[in-house]
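Working notes for the structure below.
Computed over heavy atoms, backbone and side chain alike; hydrogens, waters and symmetry mates excluded. First the proteins, then the strands, lettered A, B, ... as listed; each starts at 1.
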Amino acid sequence: MALKTQKDLSPALNWFNSKGWQAFDFQQQCWSAYLHCKSGLLNAPTGSGKTYAIWLACVLQALQNPKKAKGLQVIWVTPLRALAKDIHSAMSTCCREMGLDWEIGLRTGDTSQKERQAQTKNMPQALVTTPESIHVLLAQKNAPKTFANLKAVIVDEWHELVGSKRGVQMELALAYFRHLNPKPIQTWAVSATIGNLEEAAKVLLGDQYEQCEIVKAKIDKKIEVETILPDSVDTLPWIGHLGLNMLPRITPILDEHTSTLLFTNVRSQTEIWYKTIIEKVPDLMGLVAMHHGSLDLQVRQWVEEAIHAGKLKCVVCTSSLDLGVDFRPVDMVIQVGGPKGVARFFQRAGRSGHRPGATSKIYFLPTHSLELIEAAVLKEAIATHQFESRTPLLLCYDVLVQYLVTLAVGPGFYPDEVRAHVQSTNAYKDLTDQEWQWCLEFISTGGNSLSAYDEFAKVEIMNDGLWKVNNRKTAMRHRLSMGTIVGDPVVKVKYTSGTYIGTVEESFIAQLKEGDTFWFAGKNLALVRFKDLTAQVRNSKKKTGPIPRWGGGKASFTSLLSDQLRRKIHDASISKFEGVEMKTIAPLLEKQARLSALPKENELLIEQIKSDEGTHIYFYPFEGKYVHEVLAALVAYRISVSQPISFSIASNDYGFEVLTDLDIEIEDFLELDLFSMENLLDDIKASINNTEMAKRKFRDIATIAGLIFQGYPGKGMTYKHLQASSTMIYKVFEDYDPENLLLKQAHEEVLSLQFERSRLTESLERINKQTILLKKLSKPTPFCFPIMVDRLRERFTTEMLSERIEKMQLDFQT
DNA sequence: GACCTGCTGCGGCTTG
């Protein structure tokens, strides 16, 4: 029975009061929506108590029924194991204090086998878990029984999942629950920073969207953003991303606060900052630590505990600490370098002052001069509550195939039933008959091209029409490779004693000889031997040596950030400099205007410079690195079709360069309609090395779809091996089964995810409306210099690079 | 004078 009166909420209010907290309107709103059996989305800033709001709703409803509930009632899903652990302990305490006789279970990959078995026998009333673990439960024979009594599912940090295949996996699990149970299951997403709330709610609820309620907290979370300004813009470099020269400005901030998180954008930067801090500020030795995804998990857990316990003053970290410290606020946050997106910046800011009513504070440390504009944009976007949208994924055949095998490994399935609930999701609502048949065929025979190999015919059709995996080895292999996260193979770094330190890339270790030293995890290490994907090391006294670099996804400006950035530059072009950041950078932008120009919003700036390298042409769409990479390839391709010229290309978030060693004039080529929308897709396919990228994407897709077995836990596979088997399958599909949906998906993902097709189209449309502002220059400008250096860096070592830069400066001073 | 570049995330087994 639903509750209706204010009085029914009083246990929750009392509980809040007993904690010394204050319940906000949105919490009461959330409770009454929940108590009226609604589903929906709860949107409130970090640290506002939204977690408790929704949890208390579950508890209040449970309290209505004095008998102890049988079986699993509530599932709480989080994207992180660490978060699951935190929430589990908070929920247990809450239940005890409210007098609810419920068992709260925790199930992630960390859960012991014993505990798992106990759960299978006797499910707790509430389970805190991850999307992957839910699917593991779905792969058990008794899955229908396990979830038969389910009343509610809460998906925490939904914005982290929407927009990824993990989100699609969650959609499928929710659809399964909904169709298993005739009674409606209350489904709530909890989310802080997301631009497309409504769409996110739609994705959560699929075809049950009509019952949706969006509860939006009207709390104005106070966030103070302060840019650490240089004394003058001249002291900030034009290029670079480390920001180490600003360290003297950081130390006073560390002194003034008990605990600070210092966010950097990349792992090697974290290592470098950590090293520099303890070298330059020896007082902080032992009070600073570092945290990133390639460090040993235990070390990371220790660091999280230590900052919470006040043993550390500062942790230098990457996004690895974006989440996961939900119940552990720090005093101060510093962001080094541009975060490339508003939501990410906001999220990090929220790590400080993480309490209802408290003000969060974040310092932004620009590492090169143009980042001052980014600083101004971030400040404004946060003040006006603008956040990026998370685009939900559609028709991921790989995830669907995995899901079907999961069900076949577990209870087995009848295709018609499953098709109905699969199509009730947002991701697969447009799945065609043909595509569905293809998926069924694929899991039962291996499809057109793989039917000769038994191992791909995973699912058997029983006499009664049930689709089932009977082969034990197939079932085990499937359980071993569930989930949608495909990691790159890595090299483990261990002491000779066996103590684990962390992971680096194969290519980094490959360049070292035995005895060579390097700096990693805050230690000087020497390589002893490298065998079986493990680097054995010992401590070294030598202080020199390289710092590992990890390859990974390159962040690009989000479109929200790019839009605002173009506006700021437009403002600058009419000498409008608002805010301290813009005032500080004004002299540099004026220099840009003097040397070349500042484009208005309806203009596209193109700069042409001749050097002894040849003709450099720079375009500035200000659209983020990803889009620029494609545009650069497109422009180079379209010119080269008209006459045989070869180009080298480079790009950053602001613009891109095409360079040829020939002496050309750009206006000869502008008539070619370089940015035309005609034949766009074909030209892009021809210009970028589409197949190479698609092959890499295909590796992930093939792994998710269960075509490539990643090996047994702990054993691992070398990169070469993995790539080899996926290349083989790719080739088989290409030759014998070109209509293969997984192949199609790989090409599609390259275009839509890597190259942001929709953004590309938008920016081309804009460019076509813009007037071209062509400048022929003899000296590099603040805009083009960083791109120029970026291109060189790819070809030269550091020493050679500094010589080149010196030479370049001499060249241009003439 | 300017330069060290690009994140995160989960899950599973064997068998003495």
Rounded distance in Å - [atom1] ([X]) to [atom2] ([N]):
X: A:Q511; N: B:dC4; atom1: CD; atom2: C1'; result: 13 Å
X: A:R300; N: B:dC7; atom1: CZ; atom2: P; result: 13 Å
X: A:L480; N: B:dT14; atom1: CG; atom2: P; result: 8 Å
X: A:R390; N: B:dC7; atom1: CZ; atom2: C1'; result: 12 Å
X: A:L83; N: B:dC10; atom1: CG; atom2: C1'; result: 14 Å
X: A:L370; N: B:dC3; atom1: CG; atom2: P; result: 13 Å
X: A:L161; N: B:dG9; atom1: CG; atom2: C1'; result: 9 Å
X: A:L321; N: B:dG9; atom1: CG; atom2: C1'; result: 14 Å

Given [N], is OP1 or OP2 found less than 4.0 Å from the side-chain N or O atoms of [X]?
X: A:S133; N: B:dG11; answer: yes
X: A:R267; N: B:dC7; answer: yes
X: A:S320; N: B:dG9; answer: no
X: A:R81; N: B:dC10; answer: yes
X: A:R116; N: B:dG12; answer: yes
X: A:R348; N: B:dT8; answer: no
X: A:H241; N: B:dC4; answer: yes

Side chain of [X] - closest among [options]:
X: A:W238; options: B:dG9, B:dA2, B:dG6; result: B:dA2
X: A:M476; options: B:dG6, B:dC4, B:dC13; result: B:dC13
X: A:K340; options: B:dG6, B:dC10, B:dG11; result: B:dG6
X: A:W550; options: B:dG11, B:dC7, B:dA2; result: B:dC7
X: A:T318; options: B:dG12, B:dA2, B:dC7; result: B:dC7
X: A:I272; options: B:dG9, B:dC3, B:dC4; result: B:dC4
X: A:I239; options: B:dG12, B:dT8, B:dC3; result: B:dC3

* Output, in order, the C-alpha distance, side-chain angles, deciding distance and verdict of salt bridge (charged side-chain N to carboxylate O under 4.0 Å, His left out) for A:K275 and A:E279. => CA-CA 6 Å; A:K275 186 172 192 249; A:E279 274 170 12; 3.7 Å; yes
* **Validation row, ring centre A:F263 to ring centre A:F364 under 6.0 Å** =>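 A:F263 vs A:F364: aromatic centres not under 6.0 Å.
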* To do: Under the salt bridge (Lys or Arg N to Asp or Glu O under 4.0 Å) rule, collect the residues that match up with A:R348, sequence neighbours excluded.
  =>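 Listed in chain order: A:D322.
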* Return yes if a side-chain donor-acceptor contact under 3.5 Å exists between A:T781 and A:S596, otherwise no. =>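 Note: A:T781 and A:S596 side chains miss the donor-acceptor criterion.
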* Measure distances between side-chain N and O atoms of A:S319 and base N and O atoms of B:dC7, and say whether any donor-acceptor pair falls under 3.5 Å. =>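 Yes.
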* Do A:W550 and A:V266 have side-chain heavy atoms sitting under 4.5 Å apart? ->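 Of all side-chain heavy-atom pairs linking A:V266 with A:W550, none is under 4.5 Å.
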Base, sugar-phosphate, or nothing: which does [X] touch, judged by heavy atoms less than 4.0 Å apart?
X: A:H292; result: sugar-phosphate
X: A:L236; result: base
X: A:T108; result: sugar-phosphate
X: A:R472; result: nothing
X: A:R477; result: nothing

* Asked: Closer to the 5' end of DNA chain B via nearest nucleotide, is it A:D234 or A:S268?
  ->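 Result of the comparison: A:D234.
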* **DNA chain B: 5'-proximal contact among A:I547 and A:T484 (nearest heavy atom)** =>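 Nearest nucleotide further toward 5': that of A:I547.
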Atom pairs and distances, donor-acceptor, side-chain atoms in residues 228-235 of chain A, under 3.5 Å, two or more places apart:
| from | atom 1 | to | atom 2 | distance (Å) |
| --- | --- | --- | --- | --- |
| A:S232 | OG | A:D234 | N | 2.9 |
| A:T235 | OG1 | A:S232 | O | 2.8 |

* Asked: Would the number of heavy atoms belonging to other residues, nucleotides or ligands and lying under 6.0 Å from NZ of A:K280 be above 12?
  ->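 Open.
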